Amino acid sequence: MLWRRGRKRKRLMAANGFTLALPRKIVFGWDALCDAHREILRCGRRVFVLAASRCAGAAERLEAALRREGAEVLRAAGPGREPEVEDVDRLAAEARAWGPEVVVGLGGGSAIDCAKAVAAVAPNADAGTAADFLEGTGSTRPLVRAPLPLVALPTTAGTGSEATKNAVISWRARSLKRSIRDDRMLAAAAVVDPALSAGLPPDLTAASGMDALTQLIESYIARGANAFTDALCESALPRALAALPAAHADGRNRAARTDMAYAALASGISLANAGLGVAHGIAPALGILYGVRHGAACAALLPFALEVNRHAARAKLAAIWRRWVGARARDDDDAVTRLIAHVRDLCERLGIKVRLREYGVTRAAVPELLELASGNSLRSNPREFAPGELAELVAEIV
Ligand SMILES: [Fe+2]
């Protein structure tokens, strides 16, 4: 039936039903790292560990536990920045030559995305390079063989990559930042240990935390939001709003670190099933053109995302203000205005720049910025933009 196709079908699904894509297992709790080796060994005994260099201590503990159980381990260093196609190809070749049964990603979103991409590309390397599997390039190839099982151990409470089915990869030769995406890329196990984020410095806590908060808000109001993702966001938003400043002020605050780890996990599940919005649509372009880290880019764009969606998502945005930030507001519109001011104030307290010009963006550069924007996130944004409309709106905030 025609009415079931395309956008109308998506709206119908959002209203009446939904499909959930989740990691096969989630283990959450302080010191969950101590049990991670058991989850890994359920997937295989030849273990390729891709760890961020900042997480060397945790990686050593994990490797020792695996070896005590008789597992073989090959440990590789992550690229130390957001992954690029060359990083994935090099690491996938290394993994392929060794023949792992399971891939482990230990670190922030960059390390986990890199591990996720390596797990996907390594069995498919004869069919293409990482760039060939990126979506939205005009020549995307499907993953013919199933990815290797992935166990994800996040350490930054940010991207929620441990719960998503995509890996964001930069392709500098084409000035693109796109995803390899496949339902089979969901982790076999996500082991979320908030203790791993306890040593994170304040600037990384701020940027990754604002990524999680942006993901929660954008997926809460996204076109694909459903009863399940709503409930998840409603459990995580109040925690994130209260815990982010607390974790930034005192990195050893166990309750705040736990709440932020939960918020990031919830944001990953929610975005993977509801979609995102305009801030995540433009953030990759800020990264590829101006080198802005993902979390900082999301934070800079969040007030804009709230402003342009204030009519399309007024009831939910007003509810965020009334239920979890401040009770007072004359009406819903006033509540949204107060929420936007609160987010700007939060960014300022966290030391995050919110003006695009502070990152070097000029009004003249806006069309190029939007050319590189991600269509996926823009499609799930509550407000639809007429051709040229988004460029005019972005130019106003430069
Ligand atoms: Fe994000």
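All of these numbers come straight from a predicted model, not from anything done at the bench. As the structure lists them, so they are numbered: ligands from 1, and atoms in each ligand from 1. Atoms considered below: every heavy atom in the structure, side chains included; atoms not considered: hydrogens, waters and symmetry mates.
- Under the salt bridge (Lys or Arg N to Asp or Glu O under 4.0 Å) criterion, Glu135 pairs with Arg181, sequence neighbours left out.
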Run the side-chain donor-acceptor check on residues 200-214: report pairs under 3.5 Å with partners two or more places apart or on a different chain.
| residue | atom | partner | partner atom | Å |
| --- | --- | --- | --- | --- |
| Thr205 | OG1 | Leu200 | O | 3.4 |
| Thr205 | OG1 | Pro201 | O | 3.0 |
| Thr205 | OG1 | Arg257 | NH1 | 3.2 |
| Thr205 | OG1 | Arg257 | NH2 | 3.3 |
| Ser208 | OG | Thr156 | O | 3.1 |
| Ser208 | OG | Leu204 | O | 2.5 |
| Asp211 | OD1 | His280 | NE2 | 3.2 |
| Asp211 | OD1 | His294 | NE2 | 3.1 |
| Thr214 | OG1 | Met210 | O | 2.6 |

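- Protein atoms that are N, O or S and lie under 2.8 Å from the Fe ion (ligand 1) are these: Asp211 OD1, Gln215 OE1, His280 NE2, His294 NE2.
- Among Val49, Leu106, Val47, Leu62, the single residue meeting the side-chain contact (heavy atoms from CB on, under 4.5 Å) criterion with Arg75 is Val49.
- To the nearest 0.5 Å, atoms OG (Ser170) and CZ (Arg81) are separated by 8.5 Å.
- Residue pairs meeting the salt bridge (charged side-chain N to carboxylate O under 4.0 Å, His left out) criterion with at least one member in residues 143-168, sequence neighbours excluded, are Asp126-Arg145, Lys165-Asp183.
- Side-chain contact of Asn226 with Asn273: a donor-acceptor pair under 3.5 Å is absent, judged by distance alone.
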